[in-house]
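Report on the structure given below.
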Amino acid sequence: MTTEAGFVQPKDETAAAAIEEIGAELAMFDDWMDRYQYIIELGRSLPEFPSEWRNDAHRVPGCQSQVWLEAREEGGRLFFAGASDAAIVSGLVALLMRVYSGRSREEIRATTPVFLHELGLVKALSTNRGNGVEAMARAMIARAG
C-alpha cells in the first residue's frame, strides 16, 4: 500500500460500499446545513497536499474554486491526492477520494458520478458547485483511462 504523503487510502472495501456509507452518514443529519458542516469536516481530514502540486498541471478544469488532483498507480490500484482552496469543496474532494482512491482502474471507470445525484448532493449545491463536483469525479475517472 502506498505510503507517499498526500494520497488517500481506502477506508471502505469497494466504491459501492463507500457510496452506501456516505449515504448513511448524510442521512444521519436532518437538514443540508448540518450535512454541509459534515462535508466541511471531511475536507479537514484530507492528507496534506504538497504545495508543489498546487499548479495548473494539477488543476481540475470546470470547478468554480481551485481544485488540484494527483494520481499514482500502485499494485494495480490508483491512489488519489487532492485539495481545494474552499472549505466545502475540500469536503467534496474528500468525499470523492473516499469513493475513488485505492480502487482498480476498472472499478473507477464503472463508478459513474450518478451517485452524486442519488445522494442529493448535486441538487443541494449551487449550480457551479454541482458542476464542479461532477467535473472532479470525471477527472478521476479520466485518470483511470
Side-chain angles (χ1 to χ4, degrees), residues 1-23 25-26 28-29 32-117 119-145:
M1 200 162 284
T2 190
T3 57
E4 191 169 344
F7 291 92
V8 174
Q9 300 296 320
K11 114 179 203 183
D12 304 285
E13 220 28 62
T14 63
I19 293 165
E20 188 175 322
E21 282 298 310
I22 291 165
E25 291 164 9
L26 290 174
M28 292 187 305
F29 302 102
W32 272 102
M33 289 311 293
D34 291 335
R35 290 181 186 120
Y36 292 144
Q37 191 56 46
Y38 170 74
I39 291 168
I40 289 168
E41 290 302 319
L42 286 178
R44 292 185 178 134
S45 70
L46 279 173
E48 185 65 31
F49 192 79
S51 59
E52 62 269 16
W53 291 347
R54 291 178 187 253
N55 57 39
D56 287 343
H58 291 88
R59 189 150 187 226
V60 177
C63 297
Q64 178 181 8
S65 302
Q66 291 192 75
V67 176
W68 302 277
L69 180 67
E70 176 60 71
R72 295 280 159 82
E73 187 167 9
E74 187 173 311
R77 298 186 298 163
L78 279 181
F79 292 86
F80 290 98
S84 174
D85 62 348
I88 187 76
V89 179
S90 290
L92 295 169
V93 169
L95 187 144
L96 291 173
M97 296 286 165
R98 184 168 172 188
V99 172
Y100 292 110
S101 191
R103 313 289 177 209
S104 69
R105 289 177 180 274
E106 295 76 24
E107 185 176 11
I108 293 167
R109 286 192 304 261
T111 307
T112 65
V114 70
F115 71 90
L116 297 168
H117 292 272
L119 293 174
L121 279 168
V122 173
K123 185 177 178 184
L125 297 167
S126 69
T127 301
N128 285 339
R129 294 243 192 269
N131 291 339
V133 72
E134 288 183 297
M136 288 184 274
R138 285 191 303 274
M140 291 178 181
I141 293 167
R143 298 284 176 104

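Predicted, not measured: the structure shown is a model, and the values here were computed from it.
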Considering all heavy atoms, the nearest [X]-[Y] contact:
X: Ala18; Y: Val99; result: CB-CA, 4.0 Å
X: Ala135; Y: Val60; result: O-CG1, 4.0 Å
X: Pro10; Y: Arg103; result: CB-NH1, 3.8 Å

Q: Determine yes or no for a side-chain-to-main-chain donor-acceptor pair under 3.5 angstrom, with Ser84 supplying the side chain and Gln66 the backbone.
A: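 Yes, Ser84 side chain to Gln66 backbone: donor-acceptor pair under 3.5 Å.
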Q) Can you tell if the side chain of Ile141 reaches within under 4.5 Å of the side chain of Tyr100, non-hydrogen atoms only? A)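 Contact flag for Ile141/Tyr100 side chains = yes.
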Q. Is any side-chain heavy atom of Arg54 less than 4.5 Å from a side-chain heavy atom of Asp85?
A.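 In short, these two side chains do not touch, never coming nearer than 4.5 Å.
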[X] [atom1] to [Y] [atom2] distance, which is reported to the nearest 0.5 Å:
X: Glu41; Y: Ser90; atom1: CD; atom2: OG; value: 12.0 Å
X: Ile40; Y: Arg35; atom1: CD1; atom2: CZ; value: 14.5 Å
X: Phe7; Y: Arg72; atom1: CZ; atom2: CZ; value: 4.5 Å
X: Asp34; Y: Leu26; atom1: CG; atom2: CG; value: 11.0 Å
X: Glu20; Y: Ile22; atom1: CD; atom2: CD1; value: 11.0 Å

Q | Passing option when Ile88 is tested against Val93, Ile39, Leu42 for side chain to side chain contact (heavy atoms under 4.5 Å, CB included) | A |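 When side chain to side chain contact (heavy atoms under 4.5 Å, CB included) is applied between Ile88 and each of Val93, Ile39, Leu42, only Ile39 qualifies.
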Q: Could you point out which residue of Glu70, Glu74, Met97 forms a side chain to side chain contact (heavy atoms under 4.5 Å, CB included) with Phe79?
A: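 Of Glu70, Glu74, Met97, side chain to side chain contact (heavy atoms under 4.5 Å, CB included) with Phe79 is met by Glu74 alone.
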Q.
Does atom CG (Asp56) have a neighbourhood of more than 12 heavy atoms from anything else shown, all under 6.0 Å?
A.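 Count not over threshold, so no.
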Q | Flag if over 12 foreign heavy atoms under 6.0 Å of CE, Met28 | A |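 Result for CE/Met28: enclosed.
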Q: Output every pair passing salt bridge (charged side-chain N to carboxylate O under 4.0 Å, His left out) with a member in residues 6-17, not counting sequence neighbours, ordered by first then second residue.
A: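 Qualifying pairs: Asp12-Arg98.
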What side-chain donor-acceptor pairs closer than 3.5 Å can you find for residues 108-117, not counting sequence neighbours?
unit_1 : atom_1 : unit_2 : atom_2 : d
Arg109 : NH1    : Ala144 : O      : 2.7
Thr111 : OG1    : Glu107 : O      : 2.7
His117 : NE2    : Glu134 : OE2    : 2.7

Q | Residue list, side chain to side chain donor-acceptor pair (under 3.5 Å) with Tyr38, at least two apart or on another chain | A |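 Tyr38 satisfies side chain to side chain donor-acceptor pair (under 3.5 Å) with Glu25 only.
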Q) Got a sec, which residues hit side chain to side chain donor-acceptor pair (under 3.5 Å) with Glu73, two or more places apart in sequence or on another chain? A)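 If we apply the side chain to side chain donor-acceptor pair (under 3.5 Å) test to Glu73, skipping adjacent residues, the hits are Arg105.
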Q | All pairs passing ring pair (Phe, Tyr, Trp, His ring centres under 6.0 Å) where residues 54-76 contributes a residue, at least two apart | A |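 Sorted result for residues 54-76: Trp53-His58.
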Please output the side-chain donor-acceptor pairs of residues 121-131 that fall under 3.5 Å, not counting sequence neighbours, one pair per line with the distance.
unit_1 : atom_1 : unit_2 : atom_2 : d
Ser126 : OG     : Arg129 : N      : 3.2
Arg129 : NH1    : Ser65  : OG     : 2.9
Asn131 : ND2    : Thr127 : O      : 3.3

